[in-house]
Amino acid sequence: MSQHHVALIIPYRDRLKHLRDFVAYMHPFLQLQKLDYRIFIIEQTNRRPFNRAKLFNVGFKEAEKISDFHCYIFHDVDLIPTNVNNIYGCTQFPRHMSANIDIFEYKLPYADILGGAVAILKEQFVEVNGFSNSFFGWGGEDDDFFNRVTKNGSKICRFGPSVSKYIMLSHKKEKPSTDGLNSLKYTVVQLEMLPLYTRVLVDI
Ligand code: UDP
Ligand code: BGC
Ligand code: MN
């Protein structure tokens with residue numbers, strides 16, 4: 001029996017070439033590591049901007065129904081690990097797996113980055129209440145996850161630079177999410193100019 005019972009959760013939409021390359025590469029890679037694993041592709045329908053973090057939460061919930069995985073790996077579809085010693089299992093602390101990616105010159109872009117690929121024990125993921133559901137569009141959801149994980153004093157673990165090596169399959173850069181004033185939607189239910197203040201009752 002393998003020591004590792006792992007669910008790989010992949011957020012996905014409209015990157016078929018990457019998906020094909022990813023599964024073709026990852027199955028032999030994971031089998032070499034003698035893991036007990038299952039790959040879940042969590043695909044978002046077309047209606048709204050892409051929400052990577054919410055897809056991860058959905059993946060966790062659906063995987064949980066299928067088997068009692070003790071370790072979850074939240075993983076982009078375009079990241080290809082190049083060192084077979086980069087074990088796809090969980091460590092004592094949540095592990096940032098993709099610390100050294102070719103497009104970032106194999107260096108960490110900043111110390112607190114937790115994007116790309118992360119391995120985390122089921123209990124730890126539940127403890128931090130998973131990811132935020134509210135990051136539509138590109139960016140920020142992984143930084144929010146870093147805050148969730150480290151808030152309770154947990155450390156982040158990384159393997160050394162020769163092990164945590166990845167190449168990113170090429171794609172055009174998504175526009176960063178511009179959530180804010182320009183995407184604000186609300187309905188004023190009541191507006192009253194009262195003697196002491198103006199009251200605006202809103203449905204948001
Ligand atoms: N993704 C996707 N379709 C999209 C946008 C993102 O499948 O239209 C998934 C895919 O797994 C991708 C990940 O979300 O690898 C992160 O997005 P992206 O690669 O654009 O972000 P990067 O980290 O390269 O800036
Ligand atoms: C974004 C992250 C992203 C990182 C590296 C940051 O500015 O908030 O979501 O992973 O850049 O691209
Ligand atoms: Mn990418």
Side-chain angles (χ1 to χ4, degrees), residues 6-27 29-30 37-63 72-82 86 88 94-120 125 128-151 156-159 161 164-180 182-183:
V6 187
L8 266 82
I9 312 291
I10 318 295
Y12 175 77
R13 182 167 73 185
D14 197 21
R15 294 203 182 176
L16 187 56
K17 189 179 176 317
H18 288 182
L19 179 56
R20 287 202 172 120
D21 291 350
F22 181 80
V23 291
Y25 183 88
M26 289 307 287
H27 282 299
F29 181 94
L30 297 167
Y37 70 91
R38 181 178 286 269
I39 297 176
F40 292 88
I41 302 298
I42 314 298
E43 179 171 353
Q44 186 177 332
T45 54
N46 266 328
R47 258 177 341 109
R48 300 188 69 183
F50 195 72
N51 188 329
R52 177 176 180 268
K54 189 169 182 179
L55 293 171
F56 281 151
N57 283 342
V58 172
F60 175 82
K61 285 286 194 184
E62 291 301 309
Y72 282 80
I73 296 185
F74 299 100
H75 202 296
D76 285 358
V77 75
D78 58 13
L79 286 177
I80 302 295
T82 55
N86 186 359
Y88 270 54
R95 179 158 57 100
H96 183 220
M97 303 177 76
S98 55
N100 304 88
I101 311 180
D102 61 348
I103 58 147
F104 296 132
E105 295 165 344
Y106 293 108
K107 288 188 288 235
L108 270 189
Y110 52 96
D112 293 350
I113 192 166
L114 196 55
V118 174
I120 183 168
F125 190 68
V128 302
N129 197 21
F131 285 85
S132 166
N133 297 313
S134 34
F135 286 80
F136 285 88
W138 184 92
E141 81 295 339
D142 49 350
D143 302 318
D144 177 84
F145 190 59
F146 177 90
N147 292 336
R148 286 170 180 245
V149 172
T150 55
K151 197 175 66 182
I156 300 290
C157 150
R158 291 191 182 102
F159 288 167
S164 307
K165 266 197 170 147
Y166 284 79
I167 56 165
M168 190 187 286
L169 302 173
S170 75
H171 62 81
K172 67 173 191 322
K173 202 167 164 36
E174 298 286 331
K175 273 208 302 289
S177 162
T178 53
D179 173 53
N182 63 4
S183 54

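Note that ligands are numbered from 1 as they come in the structure, with each ligand's atoms numbered from 1 the same way.
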Does M168 come within less than 4.0 angstrom of ligand 1, counting non-hydrogen atoms of the residue?
yes
Regarding atom 16 (C) of ligand 1: of the candidates D76, D142, L19, which has the closest heavy atom?
D76
Tell me: protein heavy atom nearest atom 12 (O) of ligand 2, and distance?
W138 CZ2, 3.6 Å
Using distance alone, determine whether I10 and ligand 1 share an N or O pair under 3.5 Å.
no
Quick one: are I9 and F60 in side-chain contact, heavy atoms under 4.5 Å?
no
If we number the atoms of ligand 2 from 1 as shown, the ones under 4.0 Å from a heavy atom of G140 are 1 (C), 2 (C), 8 (O), 9 (O)
Hey, is ligand 2 close enough to D143 that some N/O pair sits below 3.5 Å?
yes
If you measure every N/O of D142 against every N/O of ligand 2, is any gap under 3.5 Å?
yes
Salt-bridge test for R13 and E174: reply yes if a basic N is under 4.0 Å from a carboxylate O, no otherwise.
no
Has ligand 1 got any nitrogen or oxygen that is less than 3.5 angstrom from a nitrogen or oxygen of W138?
yes
Pair D76 + R52: basic N to acidic O under 4.0 Å:
yes
Heteroatom proximity flag, R15 to ligand 1, N/O under 3.5 Å
yes
Ring centroid separation for Y88 and F29, is it under 6.0 angstrom?
yes
Say whether V77, considering both its backbone and side-chain N or O atoms, lies within less than 3.5 Å of an N or O atom on ligand 1.
yes
Taking 4.0 angstrom as the limit and counting only heavy atoms of Y12, give me the atoms of ligand 1 inside it, by number and element.
7 (O)
Under 4.0 angstrom from ligand 2, any heavy atom of P109?
no
Looking at atom 24 (O) of ligand 1, what's its closest protein heavy atom, distance included?
H171 NE2, 3.1 Å
Test of proximity, H75 against ligand 1: N or O pairs below 3.5 Å
no
Starting from atom 3 (N) of ligand 1, what is the nearest protein heavy atom, named by residue and atom, and what distance separates them?
R13 O, 2.8 Å
I'd like to know if the side chain of S164 and the backbone of P161 have a donor-acceptor N/O pair within less than 3.5 Å.
no
Would a 4.5 Å heavy-atom cut-off, applied to side chains only, mark E62 and F40 as touching?
no
Does a donor on one side chain sit under 3.5 Å from an acceptor on the other, for Y110 and D143?
yes
Between I113 and ligand 2, is there a nitrogen or oxygen pair with a distance under 3.5 Å?
no
Tell me the protein heavy atom at minimum distance from atom 19 (O) of ligand 1, and give that distance in Å.
D78 OD2, 2.8 Å
Is it the case that the ring center of F74 lies less than 6.0 angstrom away from the ring center of F131?
yes
Donor-acceptor pair, E141 side chain versus K54 backbone, under 3.5 Å?
no
Please report the shortest heavy-atom distance between L114 and F146, naming the atom on each side.
CD2-CA, 3.7 Å
So F56 and V118, do their side chains get closer than 4.5 Å, heavy atoms only?
no
Does a side-chain heavy-atom distance below 4.5 Å link L169 with R15?
no
Give yes if a backbone or side-chain nitrogen or oxygen of K173 is under 3.5 Å from a nitrogen or oxygen of ligand 1, and no if not.
no
Decide yes or no for H18 and Y12: does some side-chain heavy atom of the first lie under 4.5 Å from some side-chain heavy atom of the second?
no
Using non-hydrogen atoms of the residue, decide whether G139 is closer than 4.0 angstrom to ligand 2.
yes
Considering the heavy atoms of E174, write down every atom of ligand 1 situated less than 4.0 Å from one of them.
8 (O), 20 (O)
Using side-chain heavy atoms (C-beta onward) and a distance below 4.5 Å, is I42 in contact with K61?
no
Looking at D78, pick out the N, O or S atom nearest to the Mn ion (ligand 3) and give its name.
OD2
Minimum-distance protein heavy atom relative to atom 11 (O) of ligand 1:
P11 O, 2.7 Å
In terms of residue, atom name and distance, what is the protein heavy atom nearest to atom 4 (C) of ligand 2?
Y110 OH, 3.5 Å
min-distance protein heavy atom vs atom 6 (C) of ligand 1 -> F50 CE2, 3.3 Å
